[in-house]
Amino acid sequence: MNQMVTPKFGVGAPLRRKEDEPLLTGHGIYTGDYTPQGCLHSYVLRSAMAHAKISLGNVDDIRAMDGVRMVLTGAELAGRSMPCLGRPKQIDGTSFPIPEQPVLCSDTVRYVGDAIAFIVADSLDIARNAAEMLEVDYDPLDAVVGIEKALAPGAVQVWPEFGSNVSFTYGQGDEAKTAEAFAQADKIVSIDLVNNRIVANYMELRGCVAEFNSESGRFKLTLGTQGGHGMRDTICGILDLPKEDLQVITPEVGGGFGTKGFCYREYPLAMIAARELGLPVRWAGDRMDHFVTDAHGRDNLSHGELALDGEGRILGLRVDVKAAMGAYLHQFGPFIPFVGTSMTSGLYDIPAVFAKVEGVYMHTVPTDAFRGAGRPEAAYLIERLIEKAGEETGLGSVEIRKRNFIKPEQLPYTTGTGRMYDTGDFAGHLDKALEVADWAGFKARQDASAAVGKYRGIGLCSYVEACAFPGSEEATLELDANGGLTLLIGTQTNGQGHATAYSQVVAEQFGVSIDDIEVIQGDTDRVRKGGGTGGSRSIPIGMPSVRDASVALVKKVKELAADKLEAGIEDLELESGVVRVVGTDQQVTLAEIAASSGETLKASEEVSQSEATYPNGTHICEVEVDPETGDVTVENYVIVDDFGVTVNPILLAGQVYGGTVSAISQALCEHTVYDDEGQLLTASLLDYQMIRAADLPDIQFETHNIPSTTNAMGIKGAGEAGSIGGCASVMNAVQMALKEGAGVTEVIDMPATPLRVWDAIQAAG
């Protein structure tokens with residue numbers, strides 16, 4: 001890791017999170033801990049069928065049941081629908097139609113879990129029992145599940161009025177130029193891959209508490225989000241409310257991963273009920289709700305082709321992606337494969353690129369952003385394709401990459417899809433990872449595994465991602481009458497350690513401890529505006545504004561202190577809550593300065609960024625396969641990343657480990673399975689496997705940092721990087737183990753479950 005001298009509490013200091021103690025000692029407050037007086041409870045009746053016409057009977061009888069306060073159905077909510085906000089132009093420049101996703105279905109359901117009725121009662125048991133007694137008459141319709149089946153001739157259409165299950169068609173790059181490159185190629189390498197559908201499975205399930213103040217006409221909605229301001233604006237759009245009529249409170253959040261960034265039906269439903277009933281209304285989802293209603297991630301079928309010259313240099317890249325959208329277009333769902341394919345070319349100098357994406361409807365839960373949001377899918381495709389090219393050309397894993405990497409002298413470099421990489425040393429982090437992983441010594445370890453009847457493989461992935469997209473985040477720093485410092489900012493922590501990271505910058509300027517600084521997020525009344533957390537934006541986008549606000553407030557404090565101390569500003573220093581004349585015992589406390597000002601001292605700054613940041617790095621995974629059982633064991637895992645300037649190496653490592661484990665889990669075991677009728681077969685943690693700590697080795701993480709030139713502090717986003725570099729390194733290692741151990745030549749798809757691996761071994765004879 002790069003060495004640098006850092007101040008005790010400043011940027012670069014390896015501080016442990018100050019947020020952890022209250023969480024570990026049970027003092028953290030989550031949505032589930034908030035129960036206002038008189039709170040009612042609610043339950044959503046969800047469709048048991050993937051596609052059917054429905055009608056409801058005995059609704060009035062259910063409404064008359066003891067303890068039932070309200071039954072909302074689609075009939076009462078006609079015209080209220082969930083929005084789709086991610087809508088890039090199609091390849092022909094046109095906009096694509098958006099199907100209506102009603103807040104409650106009134107006549108047709110389109111996936112198992114589609115919302116039919118919202119029951120509010122004195123207790124959750126009463127609400128659940130009432131839902132079970134509500135008569136739903138299903139008139140079953142044929143369903144279609146799976147991308148290939150949805151695109152087959154004569155397939156059942158999810159939205160017949162659109163004439164096809166293709167929801168949109170995007171194109172990025174230069175199709176004609178790419179065709180020319182392929183016409184000139186000495187060799188063409190191709191691959192077909194599945195990027196499996198996954199479920200977020202954060203620890204804290206979704207929930208909300210809605211309150212309505214009849215005197216002010218304002219709502220208060222408490223829930224776990226990835227950004228209260230965006231949530232407020234979306235809900236107000238659904239309910240036709242002025243934004244000032246809704247306060248969104250976000251307490252502690254037990255994981256977000258993109259999936260908590262969206263508005264779900266329960267939120268406006270609880271608000272409607274709270275207003276009509278005049279009492280707070282709680283909705284708390286269970287794990288089954290999560291599986292059948294929270295947006296799923298990934299689910300792509302991808303075809304990639306590389307055109308190579310006689311020296312193994314890439315002339316062109318052609319990609320065709322089919323991206324499952326589910327039954328509806330979710331909030332940002334259509335945007336995910338668009339931003340993903342903008343990263344199609346990875347770290348490689350490819351003169352001609354063309355990527356085509358088709359969105360596909362089917363009778364399943366809709367998909368949307370999940371950690372990395374399109375970029376893991378792009379990295380997985382190019383890195384498995386480049387690996388195959390290395391094998392087919394005889395250049396091998398390392399040389400094929402080095403021969404085609406964008407060179408440092410080519411930076412800044414604009415890709416064929418318009419991405420502008422500013423800085424990096426791609427061969428440098430690859431070389432460092434090879435050394436740390438002892439790539440040269442692999443053959444001896446492979447022979448040792450073979451001696452005990454095991455197959456061993458090693459795989460790598462050199463990735464790049466776009467994150468911390470163009471934008472800004474306002475930061476306001478206040479000095480109260482007691483000398484306390486409070487930072488208000490509209491990002492939203494989901495466990496990343498924002499309060500610690502932001503406090504480090506404030507502490508560096510004021511010479512105080514990070515424990516002396518309060519960080520306020522998650523209250524749309526207290527924080528004026530905010531872009532929330534997503535796309536690894538909080539630290540790269542928020543931190544420069546925090547720094548500048550701190551510098552501005554220090555200037556104000558020193559100006560006031562200079563008057564009191566009769567000294568020049570340049571002669572003053574801040575340390576331990578006092579402003580002191582350097583070299584003397586003349587000083588004044590922050591509290592005294594604040595009291596003398598007669599008002600709260602504050603400074604607000606908003607630093608804009610015009611280009612994304614581009615973190616990059618190399619992952620190397622080493623696996624051992626047991627041919628008797630098909631079990632894959634991860635024996636070693638090495639990461640060398642370029643994140644530019646590191647704010648806090650401990651927080652950074654935590655983000656990298658978390659993302660990497662998510663990727664390993666997707667690669668080896670996570671698998672969302674529907675049957676042909678659209679029933680979700682993996683609808684609980686009994687059926688849906690996730691990786692466990694015991695399945696993982698110690699992950700070796702180092703950096704090879706080159707500061708960003710597009711970010712005001714040189715920072716590159718890091719929250720999603722592990723998930724982007726992980727899958728390809730694992731699967732390249734598994735593929736090598738099976739090829740060299742058992743002669744498997746067919747491409748193996750994720751997840752590499754024991755059964756799938758064992759079947760591949762048996763098929764190879």
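Keep in mind that this is a model prediction, so the values were computed, not measured.
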Taking side chain as C-beta onward, heavy atoms only, is Asp422 less than 4.5 Å from Glu611? no

Asn616 and His429: side chain donor to acceptor below 3.5 Å: yes

Only one of Asp233, Thr222, Thr524 clears side chain to side chain contact (heavy atoms under 4.5 Å, CB included) with Val248; which? Thr524

Would you give the length of the straight line joining atom OG of Ser503 to atom CD1 of Ile517, rounded to the nearest 0.5 angstrom? 4.5 Å

Closest approach of Ser536 to Glu720 (non-hydrogen atoms, all atoms of both residues): OG-OE1, 2.8 Å

Taking C-beta and beyond as the side chain, do Val339 and Phe469 meet within less than 4.5 Å on heavy atoms? yes

Taking the six-membered ring for Trp and the full ring for Phe, Tyr or His, determine whether the centres of Phe643 and His704 are under 6.0 Å apart. no

How would you list, by chain and number, every residue that makes a salt bridge (charged side-chain N to carboxylate O under 4.0 Å, His left out) with Asp642, sequence neighbours excluded? Lys716

Is Gln700 reaching over with its side chain to a backbone N or O of Val638, donor-acceptor style, under 3.5 angstrom? no

Could you check whether any side-chain heavy atom of Leu560 comes within less than 4.5 Å of a side-chain heavy atom of Leu601, counting everything from C-beta outward? yes

Heavy atoms only: give me the nearest Ala295-Thr259 pair and the separation to one decimal. O-CG2, 3.5 Å

dist Tyr502:OH -> Leu477:CG (nearest 0.5 Å) comes out at 13.0 Å

Applying salt bridge (charged side-chain N to carboxylate O under 4.0 Å, His left out) to Glu266 and not counting sequence neighbours gives Arg46, Arg206

Counting only N and O atoms by type, is there a donor-acceptor contact under 3.5 Å from the side chain of Glu474 to the main-chain atoms of Ser604? no

Mind listing the closest non-hydrogen atom pair of Thr710 and Ala612 along with its distance? OG1-O, 3.0 Å

Any donor-acceptor pair under 3.5 Å linking the side-chain atoms of Tyr637 with those of His619? yes

Do the ring planes of His330 and Tyr264 sit parallel (below 30°), tilted (30 to 60°) or perpendicular (above 60°)? tilted

Taking only residues two or more places apart in sequence or in another chain, which ones pass side-chain contact (heavy atoms from CB on, under 4.5 Å) with Lys602? Thr476, Glu478

Would a line drawn from the ring center of Phe370 to the ring center of His296 be shorter than 6.0 Å? no

How far does CE of Met231 sit from OG1 of Thr225, to the nearest 0.5 angstrom? 5.5 Å

Spell out, as yes or no, whether a donor-acceptor pair under 3.5 Å connects the side chain of Arg375 to the backbone of Met343. no

Using every non-hydrogen atom in the two residues, find where Ala373 and Ile336 come nearest and quote the distance to one decimal. C-CG2, 3.4 Å

Could you give the distance from CD1 (Ile715) to CG (Asn705), rounded to the nearest 0.5 Å? 11.0 Å

4.5 Å side-chain heavy-atom contact, Pro544 and Asn711: yes

Checking Arg537 now: which residues fulfil salt bridge (charged side-chain N to carboxylate O under 4.0 Å, His left out) with it, not counting sequence neighbours? Glu473

So, does Thr533 use its side chain to make a donor-acceptor pair with the main chain of Gln492 at under 3.5 Å? yes

Shortest non-hydrogen pair, Pro649 vs Pro14, comes out as CG-CB, 3.7 Å

Parallel, tilted or perpendicular: which fits the ring planes of Tyr421 and Phe426, with parallel below 30° and perpendicular above 60°? perpendicular

With side chain to side chain contact (heavy atoms under 4.5 Å, CB included) as the test, pick out the partner of Gln247 among Leu221, Asp523, Asn213. Asp523

Can you check whether Gln666's main-chain N or O pairs, donor with acceptor, with Arg298's side chain at less than 3.5 Å? no

side-chain hydrogen bond (donor to acceptor under 3.5 Å, both in side chains) pairs, two or more places apart, involving residues 560-584: Arg580-Gln587

Do any N or O atoms from the side chain of Ser216 and from the backbone of Arg218 form a donor-acceptor pair under 3.5 angstrom? yes

Using the six-membered ring wherever Trp is involved, compare the ring planes of Phe212 and Phe219 and label them parallel, tilted or perpendicular (cut-offs 30° and 60°). tilted

Return yes if some donor-acceptor pair links the side-chain N/O of Glu702 with the main-chain N/O of Val640 below 3.5 Å, else return no. no

Consider only side-chain N and O atoms of Gln504 and Asn648, and report whether a donor and an acceptor are under 3.5 Å apart. yes

Side chain to side chain contact (heavy atoms under 4.5 Å, CB included), that's the test. Do Leu223 and Ile249 meet it? Break it down for me. CA-CA 6 Å; Leu223 74 165; Ile249 298 289; over 6 Å; no

Test item: Leu565 and Val588 side chains (from C-beta on) under 4.5 Å apart, heavy atoms: yes

For Asp20, run the side-chain hydrogen bond (donor to acceptor under 3.5 Å, both in side chains) check against Lys18, Arg16, Arg17 and tell me which one passes. Arg17

Can a donor-acceptor pair be found, under 3.5 Å and without considering hydrogens, that links the side chain of Ser608 to the backbone of Gly471? no

Work out which heavy atom in Gln655 is nearest to a heavy atom in Ala718; give both atom names and the distance. CB-O, 4.2 Å

Evaluate side chain to side chain contact (heavy atoms under 4.5 Å, CB included) for Leu479 paired with Val557, printing each intermediate quantity in order. CA-CA 9 Å; Leu479 178 66; Val557 166; 3.9 Å; yes

Validation row: Glu518, Leu487 side chains within 4.5 angstrom (heavy atoms): no

How many angstroms lie between atom CG of Leu411 and atom OH of Tyr614, to the nearest 0.5 angstrom? 12.0 Å

Are more than 12 heavy atoms from other residues, nucleotides or ligands located less than 6.0 Å from atom NZ of Lys243? no

Please step through side-chain hydrogen bond (donor to acceptor under 3.5 Å, both in side chains) for the pair Thr35 and Arg282, ending with a clear verdict. CA-CA 8 Å; Thr35 307; Arg282 166 194 291 281; 2.7 Å; yes

Are the side chain of Gln496 and the backbone N or O of Asn494 linked by a donor-acceptor pair below 3.5 Å? yes

Between Met713 and Val11, does the side chain to side chain contact (heavy atoms under 4.5 Å, CB included) criterion hold? Intermediate values first, please. CA-CA 10 Å; Met713 293 179 65; Val11 171; 4.0 Å; yes

Treating Thr234 as the side-chain partner and Gly230 as the backbone partner, does any N or O pair qualify as donor plus acceptor under 3.5 Å? yes

What residues form a salt bridge (charged side-chain N to carboxylate O under 4.0 Å, His left out) with Glu19, not counting sequence neighbours? none

Side-chain heavy-atom pair Val661, Leu696 within 4.5 angstrom cut-off: yes

Side chain to side chain, Val527 and His229, heavy atoms closer than 4.5 Å: yes

Quick one about Ser723 and Ser662 (side-chain donor to acceptor, distance below 3.5 Å, no hydrogens or angles considered), yes or no? no

If you round to the nearest 0.5 Å, how far is SG of Cys39 from CG of Leu279? 8.5 Å

